[in-house]
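See below for the structure under consideration.
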2 protein chains.
Amino acid sequence: MSRRGDAAATKAALLDAAARLFAERGFDRTTVRDIAAVAGVNQALLFRYFGSKDALFATVLASRGRELIEESPAEQLLCRMLLRLTGKTARPEDHPLYAALRSAHHDTAAAVVNQQLGEDFARVLRSLTDAPDAELRADLVLAWVVGIGVLRSMFAKEPLASADNRAVAELVLKATSVLLERVDRV
Amino acid sequence: MSRRGDAAATKAALLDAAARLFAERGFDRTTVRDIAAVAGVNQALLFRYFGSKDALFATVLASRGRELIEESPAEQLLCRMLLRLTGKTARPEDHPLYAALRSAHHDTAAAVVNQQLGEDFARVLRSLTDAPDAELRADLVLAWVVGIGVLRSMFAKEPLASADNRAVAELVLKATSVLLERVDRV
DNA sequence: CCCCTGGGTAAGCGTTTGCTTACACAGACA
DNA sequence: TGTCTGTGTAAGCAAACGCTTACCCAGGGG
């Protein structure tokens with residue numbers, strides 16, 4: 001194995017570059033030539049290892065999608081998610097949620113958002129209330145997180161985009177506690 | 001005037017078709033050939049009357065953007081906006097907000113969202129509280145509306161997508177009243 | 001030694017894109 | 001009548017796109 005180059009390293013480089021570019025520009029505005037260039041790799045290798053641009057996109061969402069839901073106690077999940085998505089550290093723009101949001105028309109992206117966010121995130125949120133419409137309430141809180149991400153990263157809406165993420169989390173959690181009575185405040 | 005055809009009617013047909021397709025598919029996934037076909041018009045006329053696809057997009061957002069903010073008392077604006085964006089009547093999918101959301105990378109779309117929603121919608125919401133961080137609170141409520149639209153129309157997230165719009169409005173308004181004390185409940 | 005395998009490369013295929021050009025023709029005005 | 005202007009049409013251009021093909025070459029096994 002490993003004659004001249006390293007296939008595993010090449011695949012990883014392509015995956016990294018694709019994750020970054022898809023999150024930054026969305027599926028349509030990202031070209032396979034750009035991905036290969038950022039990865040420092042010949043573009044034909046992209047098709048050798050992943051088959052197609054669509055398949056690469058699906059692989060990105062599948063491999064990084066799990067990070068969406070970190071292992072946290074349910075009561076703190078919302079707070080952590082808010083801080084992570086709006087935090088200035090760790091390049092929140094690379095979050096695969098943004099890749100999905102900027103490529104919403106893509107079937108794979110829609111499916112991943114529905115599965116990852118719906119089956120996991122919303123399920124956790126649902127456990128934070130005893131109301132009969134718990135699922136709808138969870139979806140609404142999820143929608144709030146998504147909307148904040150859209151306005152901040154895609155539209156750079158001020159003052160939200162530059163607001164202190166702890167202040168944002170505090171306000172959102174305060175209002176959210178009306179819908180989910182067991183959510184942890186800041 | 002009106003030799004063989006009607007230039008004004010042609011322009012209106014193009015504008016209608018473009019508004020519909022941009023809202024449905026976003027800027028990138030909409031081709032000038034599709035717009036011309038839906039309008040029942042030769043595609044060269046699109047460039048004669050609007051100059052470029054970009055300019056047509058800007059014209060769509062400019063001409064229909066004003067509808068975003070209808071003349072309503074401030075206290076009821078949020079409620080009306082929620083009902084309109086989630087209502088089953090009047091094809092809410094044609095709302096120009098969706099055209100902008102599905103084309104978020106586009107500079108014109110980002111500018112329009114910032115102006116229309118920011119300078120108008122958020123300004124109205126801001127008047128509903130006396131808190132010192134009124135602007136941030138208004139942005140957060142705006143983010144909620146946007147997020148609900150994204151999850152419903154772009155991701156078809158259940159149960160939110162099929163939920164009764166009055167139930168949605170009731171929950172959102174209840175939680176929002178924590179941030180904006182003068183908002184009208186359902 | 002030669003052949004085979006696996007990783008890497010260059011070139012270009014066919015299609016689609018936004019946009020342009022050259023033209024046809026009906027009516028208004030002289 | 002003849003010309004000119006405004007409207008509509010057909011054809012196609014240059015570029016960019018996703019993807020494919022043909023090839024190169026380092027190394028291991030016989």
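Below, chain A is the first sequence line, B the second, and so on; all start at residue 1.
Taking CD of Glu135(A) as the reference point, atom CG of Leu140(A) lies at 12.0 Å (rounded to 0.5 Å). Note: Asp16(B) CG to Ile35(B) CD1 = 12.0 Å, rounded to the nearest 0.5 Å. Taking CG of Leu15(A) as the start and CG of Leu56(A) as the end, the distance is 6.5 Å to the nearest 0.5 Å. Between atom OG1 of residue Thr10(A) and atom CG of residue Asn42(A) there is a gap of 10.5 Å, rounded to the nearest 0.5 Å.
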From CA spacing to verdict: side chain to side chain donor-acceptor pair (under 3.5 Å), Ser162(A), Glu158(A): CA-CA 7 Å; Ser162(A) 304; Glu158(A) 295 296 349; 2.8 Å; yes

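For Asp130(B), the salt bridge (Lys or Arg N to Asp or Glu O under 4.0 Å) partners are Arg182(B), not counting sequence neighbours.
A close approach under 4.0 Å does occur between a side-chain nitrogen or oxygen of Thr10(A) and OP1 or OP2 of dG8(C).
Taking the C1' atoms of five terminal pairs at each end of the helix from dC1(C)-dG30(D) to dA30(C)-dT1(D), the two resulting helix axes are inclined by 30°, rounded to 10°.
At a non-hydrogen distance threshold of 4.0 Å, Arg33(B), Asn42(B), Gln43(B) from residues 27-43 of chain B come into contact with DNA chain D. Against DNA chain D, the stretch residues 45-54 of chain A makes heavy-atom approaches under 4.0 Å through Phe47(A), Ser52(A), Lys53(A).
Distance, Leu14(B) CG to dC19(C) P: 14 Å, rounded to whole Å. The interatomic distance linking Lys11(A) (NZ) with dG7(C) (P) rounds to 9 Å, in whole Å.
Listed by first and then second residue, the ring pair (Phe, Tyr, Trp, His ring centres under 6.0 Å) pairs that reach into residues 11-37 of chain B are Phe22(B)-Phe27(B), Phe22(B)-Phe57(B), Phe27(B)-Phe57(B), Phe27(B)-His106(B), sequence neighbours excluded. Residue pairs satisfying the salt bridge (Lys or Arg N to Asp or Glu O under 4.0 Å) criterion with at least one member in residues 30-57 of chain B, sequence neighbours excluded, are listed as follows: Arg25(B)-Asp34(B).
Residue-level contact check: Ala7(A) touches the backbone only, with heavy atoms under 4.0 Å from sugar-phosphate atoms and none from bases.
Residues Leu179(A) and Ala175(B) share a closest heavy-atom pair of CG-CB, 4.0 Å.
Between Glu24(B) and Arg20(B) there is a salt bridge, since a side-chain N of the basic residue sits under 4.0 Å from a carboxylate O of the acidic one.
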